[in-house]
Amino acid sequence: MNKSMGVAALAAVALVLAACGGSGGSGDGGKSAASGQPRVLKLWHYETADSAMGKAWAEAVKRFEASHPGVTVKFEEKGFEQIQKTASMVLNSDEAPDVMEYNKGNATAGLLSKQGLLADLSEQATKRGWDKLLPGGLQVTAKYDDRGVMGSGKWYGVPNYGEFVMVYYNKELFDKHGVKVPTTFDELTAALDTFVKAGVTPIATAGAEYPAQQIFYQLALTKAQRPWVDAFQSYKGKVDFHGPELTYGAQTLADWVKKGYLDKNSAGLKAEDMGVAFMKGTYPMMISGSWWYGRFASEIKKFEWGHFLFPGATMSPGSSGNVWVVPEKSENKDLAYDFIDITMSKDIQNLLGNSGGVPVAADPAAITDPKSKELIESFNKLTSADGLAFYPDWPAPGYYDVMVAGVQNLVNGSKTPAQVLDELAKPYEDNLADIGN
């Protein structure tokens, strides 16, 4: 379902920004009809200022305020974990923002749509051409059915960038230890052994948040085909948690810790700890997402770095990016729609692409930064092979915390792979029963 994404992700399509006047707004674009006071668009997102998305959204705010005289954007930076844990409660209160970046998938945006907390964006998607900018696989995470399952139904989110998990590597450490970029899984294993023999822990990771679970899932994907992913993510078949895919992922991750490929103490580390350690040049490799790319390009000054797709797998964790959602309780839905529209405009998409992000509607000729070109080429290679396999915590509400706990137990050795897989299976099966599958 993602075969058309590679070329479409860089299609050059310009949007005409729609004027204020949709639902939830006022007749005067700059003042509230009820109070006569200047209007404020409350925006939440969790991208750092030096990330590709952070740079693009900051420019979008400037464009929005320039095109909406009298309207002010009140931006509040929130942490990923903070929004992940409190979204349902906040969006069901008077504290809800007008537009918010949120994680995509059944367990997150799907759950909120099922709970009636998100505005239906279907009409806006057609009216403003978002459906044309996001064809095929890019719409998977935008649409949710009545059960909150992604891939069909109404539009509840708008993704405006792509993302995927890759292997970042320190070129100087590779050269120092005579390691070449691996192209097969056996070559990857040989490279890891070389570093361990030299007393170097090869892979930076973090078990207290998402990174380690994405390694577990990536290892499982080396034994998986698309039908298995469809079954696991979209309930299009039965998933055996003790089948070859997940068993291999769990057992191999545990083995990697025993072999010294991953530090056992990383079970207690967070994603920021991992990223900072890699940027300091401590580790030869880091397996994580494209959301780090722009930051690395800005902050790594002491060594040359690069990336490669995970060897031995045709699929990797990845998808269209996190989505803009408009809370049902927003009092400024028209402004929220306009802001989303600006982030989809060609100028903002080009900026995103040249800042180390993966745009969905940029002009290919406008992407001039060499590293950005490399990133987009890898994304296109992955998507052209139908290689985006989403993320392991998506299938069920609350599954992120279950995944974190399970993989921490694998890394610190407190539970066996079989025990961890049993713990992962139960909430998954419970959710299937809840939605009638």
Side-chain angles (χ1 to χ4, degrees), residues 9 15 17-18 20 22-25 41-47 51-65 67-68 71 73-78 80 82-84 87 90-91 96-105 108-113 117-134 138-144 150 153-163 291 319-349 351-352 357-362:
L15 290 179
L17 301 182
C20 297
S23 62
L41 176 73
K42 191 174 180 181
L43 165 68
W44 289 4
H45 72 66
Y46 40 75
E47 306 296 344
S51 70
M53 283 71 74
K55 293 175 181 177
W57 305 166
E59 180 61 26
V61 168
K62 294 178 183 178
R63 300 286 181 94
F64 176 88
E65 290 185 333
S67 61
H68 293 71
V71 179
V73 176
K74 181 181 179 182
F75 166 58
E76 295 184 26
E77 183 177 351
K78 303 291 182 179
F80 175 87
Q82 181 183 10
I83 291 181
Q84 179 90 1
V90 171
L91 268 59
D98 296 304
V99 61
M100 178 178 82
E101 180 187 17
Y102 195 51
N103 200 13
K104 62 282 177 200
T108 45
L111 176 63
L112 296 189
S113 70
L117 297 176
L118 301 182
D120 178 1
L121 304 178
S122 302
E123 180 181 349
Q124 295 297 320
T126 301
K127 174 182 176 182
R128 297 172 184 260
W130 301 336
D131 57 341
K132 300 297 191 299
L133 288 177
L134 299 166
L138 286 174
Q139 293 187 16
V140 170
T141 59
K143 295 179 175 180
Y144 297 88
M150 65 182 181
K154 299 176 181 178
W155 285 69
Y156 287 102
V158 181
N160 46 33
Y161 65 96
E163 61 181 39
W291 46 89
S319 69
S320 54
N322 291 322
V323 293
W324 291 122
V325 298
V326 178
E328 185 59 48
K329 290 200 171 188
S330 167
E331 296 182 354
N332 296 292
K333 291 187 176 69
D334 59 322
L335 299 181
Y337 303 151
D338 285 354
F339 177 78
I340 293 171
D341 215 26
I342 290 174
T343 68
M344 297 294 285
S345 67
K346 188 160 59 174
D347 287 348
I348 298 300
Q349 289 287 302
L351 173 60
L352 174 63
V358 183
V360 296

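Partners of K74 under the side chain to side chain contact (heavy atoms under 4.5 Å, CB included) rule, at least two apart in sequence or in another chain, are V40, E76. Remark: K55 engages S298 in a side-chain hydrogen bond (donor to acceptor under 3.5 Å, both in side chains) (not counting sequence neighbours). Checked against side chain to side chain contact (heavy atoms under 4.5 Å, CB included), A56 has the following partners two or more places apart in sequence or in another chain: I348, L352. By the side-chain hydrogen bond (donor to acceptor under 3.5 Å, both in side chains) test, T126 is found to be paired with no residue, residues two or more places apart in sequence or in another chain being considered. Under the side chain to side chain contact (heavy atoms under 4.5 Å, CB included) criterion, K143 pairs with Q139, W155, not counting sequence neighbours. Applying the salt bridge (charged side-chain N to carboxylate O under 4.0 Å, His left out) rule to E101 yields no partners; only residues at least two apart in sequence or on another chain are considered. The side-chain hydrogen bond (donor to acceptor under 3.5 Å, both in side chains) test applied to S51 returns no partner, not counting sequence neighbours. For W57, the side-chain hydrogen bond (donor to acceptor under 3.5 Å, both in side chains) test picks out no residue, with sequence neighbours left out. Among residues two or more places apart in sequence or in another chain, the side chain to side chain contact (heavy atoms under 4.5 Å, CB included) test is passed with L351 by E59, S355. In this structure D120 satisfies the salt bridge (charged side-chain N to carboxylate O under 4.0 Å, His left out) test with no other residue, sequence neighbours excluded. Legend: residues meeting ring pair (Phe, Tyr, Trp, His ring centres under 6.0 Å) with Y144, ordered by chain and number and at least two apart, are absent.
One distance of note links CG of L133 with CD of Q349; it measures 8.0 Å at 0.5 Å rounding. Interatomic distance, N103 CG to T141 OG1, rounded to the nearest 0.5 Å: 9.5 Å. Atom CD of residue E65 and atom CZ of residue F339 lie 10.0 Å apart, to the nearest 0.5 angstrom. To the nearest 0.5 Å, atoms CD (Q124) and CG (D334) are separated by 9.0 Å.
Counting only heavy atoms from C-beta outward, the side chains of S319 and K104 approach each other to under 4.5 Å. Side-chain atoms of M100 and K42, non-hydrogen and from C-beta on, never get closer than 4.5 Å to each other. Residues F64 and T343 fail the side-chain proximity criterion, which asks for heavy atoms closer than 4.5 Å. Considering only heavy atoms from C-beta on, Y161 comes within 4.5 Å of N322 through its side chain. Taking the side chain as every heavy atom from C-beta outward, W44 and V90 approach each other to under 4.5 Å. V360 is listed as a side-chain neighbour of M344, based on a closest heavy-atom distance under 4.5 Å.
Across every non-hydrogen atom of A119 and Y156, the tightest pair is O-CD2, 3.5 Å. In plain terms, the two heavy atoms of A52 and G357 that are nearest each other are CB-N, 3.3 Å. Shown here for P97 and L91, the closest heavy-atom pair between the two residues is CD-CD1, 4.3 Å. Nearest approach of Y46 to Y102, heavy atoms of both residues: OH-C, 3.5 Å. Looking at every heavy atom in both residues, L41 comes nearest to A336 through CD1-N, 3.8 Å. Contact record, I340 with V326: CD1-CG2, 3.9 Å, taken as the closest heavy-atom pair.
Salt-bridge formation is detected for the pair D338/R128: a Lys NZ or Arg NE/NH1/NH2 atom is positioned less than 4.0 Å from an Asp or Glu carboxylate oxygen.
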* Asked: Do V71 and L335 pass the side-chain contact (heavy atoms from CB on, under 4.5 Å) test, and can you show the C-alpha distance, the side-chain angles, and the key distance before you say yes or no?
  -> CA-CA 9 Å; V71 179; L335 299 181; 3.8 Å; yes
* **Working for side-chain contact (heavy atoms from CB on, under 4.5 Å), residues L43 and W324** => CA-CA 10 Å; L43 165 68; W324 291 122; 3.7 Å; yes
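If you run side chain to side chain contact (heavy atoms under 4.5 Å, CB included) between V325 and each of L118, L121, V158, only L118 comes through.
Side chain of S330 to backbone of P327: no donor-acceptor contact under 3.5 angstrom is found.
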